[in-house]
Structures are given as C-alpha cells and as structure tokens.
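So the structure is just underneath, and the comments pick up after that.
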Amino acid sequence: MAMLKRILAPTDFSDLSAEGLRYACKLAKDVGAQVSVLNVVVLDESNVVGKGELAAHEKRLSEFTRKVVGRRAEELKIHQTVIPGQPYAVIVDCAAKERADLIVMSTHGRSGLSRMLIGSVTDKLLRGATCPVLVVPAGGER
C-alpha cells in the first residue's frame with residue numbers, strides 16, 4: 001500500500017513555486033499519488049475577492065499547471081483549487097480537507113535571517129502542518 005496518496009503543491013505562480021510543482025508531479029508519478037495544486041488569492045484589508053478575480057486566478061492556475069507539468073499531466077491525477085485567504089491558513093486547511101499525505105513546496109528566501117533559506121509561509125508550515133512538508137530548494141530540482 002502506497003504511503004503517499006495525496007500530495008498538495010501550493011503555488012504563487014513564481015518560477016520558484018514551479019520547481020516545487022514539478023517535483024511534486026515527479027514524485028506523484030513515481031508513487032502513484034494524486035496532486036492537488038493550490039493557489040491562494042491573498043486577501044487585503046477588506047477580506048473581499050470578486051468573482052472576476054477568482055476566475056482570473058483559476059484560469060492562470062490552469063495555464064501555469066499546463067505549462068509547468070506539460071505532457072506529464074496526462075499521466076497524473078491533478079486537481080486544481082483557488083481559495084481566497086491568508087496563505088499559511090489556507091494551505092493548512094486545504095491539506096486537512098484534502099487529507100494530504102505530503103505538502104511539497106519550494107523555498108523563497110524573501111526576508112529576514114531565518115527566512116533567507118526558506119520563505120515565511122514555508123517556515124510556518126514546517127512548524128505547524130499536520131502532515132510532512134517537503135521543501136524543494138531553489139535551483140535544486142534533480
């Protein structure tokens with residue numbers, strides 16, 4: 001019985017998150033898991049997101065996934081979701097809802113000493129996720 005059945009791959013459409021998605025898809029293919037690709041629409045102070053903005057993110061997610069995964073998409077079970085909210089909370093909630101066995105994401109290294117090697121969302125997930133988190137280093141796809 002496969003230990004990994006569901007892999008969650010959050011993306012912010014960056015080149016770095018594409019590395020995480022590619023790795024998640026390669027791993028999913030190797031172990032026969034399905035991949036849930038998640039994009040979080042970050043809410044501003046109003047906590048409101050319009051249907052048009054959600055639809056735009058859904059279209060962009062579809063295009064991004066198709067571009068990153070390419071022909072491998074035919075060999076995989078891929079589910080795509082766009083959810084408004086704050087990235088850490090949405091990723092944790094989605095992982096629980098999807099019963100993810102693993103979260104795969106890339107490093108970002110945006111600010112601060114502890115965040116130089118891993119992004120702030122990744123840092124929080126490493127500490128707070130209820131399933132394992134696999135961090136793919138920037139430029140580290142092998």
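- D101 places none of its side-chain heavy atoms less than 4.5 Å from the side chain of C131.
- Under a hydrophobic-cluster definition in which Ile, Leu, Val, Met, Phe, Trp and Tyr are linked whenever side-chain heavy atoms come within less than 4.5 Å, directly or via other members, V42 and L8 are assigned to different clusters.
- For the atom pair CD1 of I7 and CG of L134, the computed distance is 8.5 Å after rounding to the nearest 0.5 Å.
- Atom NZ of K77 sits about 11.5 Å away from atom OG of S36, to the nearest 0.5 Å.
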Under 3.5 Å, side-chain donor or acceptor atoms of residues 79-94 against the rest of the protein: list the pairs with distances, not counting sequence neighbours.
unit_1 : atom_1 : unit_2 : atom_2 : d
H79    : NE2    : T81    : OG1    : 3.0
Q80    : OE1    : S62    : N      : 3.3
Q80    : OE1    : T65    : OG1    : 3.3
Q86    : NE2    : L43    : O      : 3.3

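- At least one side-chain heavy atom of P10 sits less than 4.5 Å from a side-chain heavy atom of I103.
- The shortest side-chain heavy-atom distance between L4 and L102 falls under the 4.5 Å cut-off.
- Considering only residues two or more places apart in sequence or on other chains, N39 meets the side-chain hydrogen bond (donor to acceptor under 3.5 Å, both in side chains) condition with H57.
- Pairs of residues two or more places apart, or lying in two chains, that qualify as salt bridge (Lys or Arg N to Asp or Glu O under 4.0 Å) and include a residue from residues 27-43 are K29-E75.
- In this structure, F64 and S14 approach most closely via the heavy-atom pair CZ-O, 3.7 Å.
- Between the CE atom in M105 and the CG atom in D12 there is a gap of 8.0 Å [rounded to 0.5 Å].
- Applying the ring pair (Phe, Tyr, Trp, His ring centres under 6.0 Å) test to pairs two or more places apart or on separate chains, none has a residue in residues 30-56.
- Contact between R6 and E98 at its shortest, heavy atoms only, is CD-O, 2.7 Å.
- Counted by atom type alone, E19 and S106 present zero donor-acceptor pairs between their side chains at under 3.5 Å.
- Taking NZ of K26 as the start and CG of L21 as the end, the distance is 11.0 Å to the nearest 0.5 Å.
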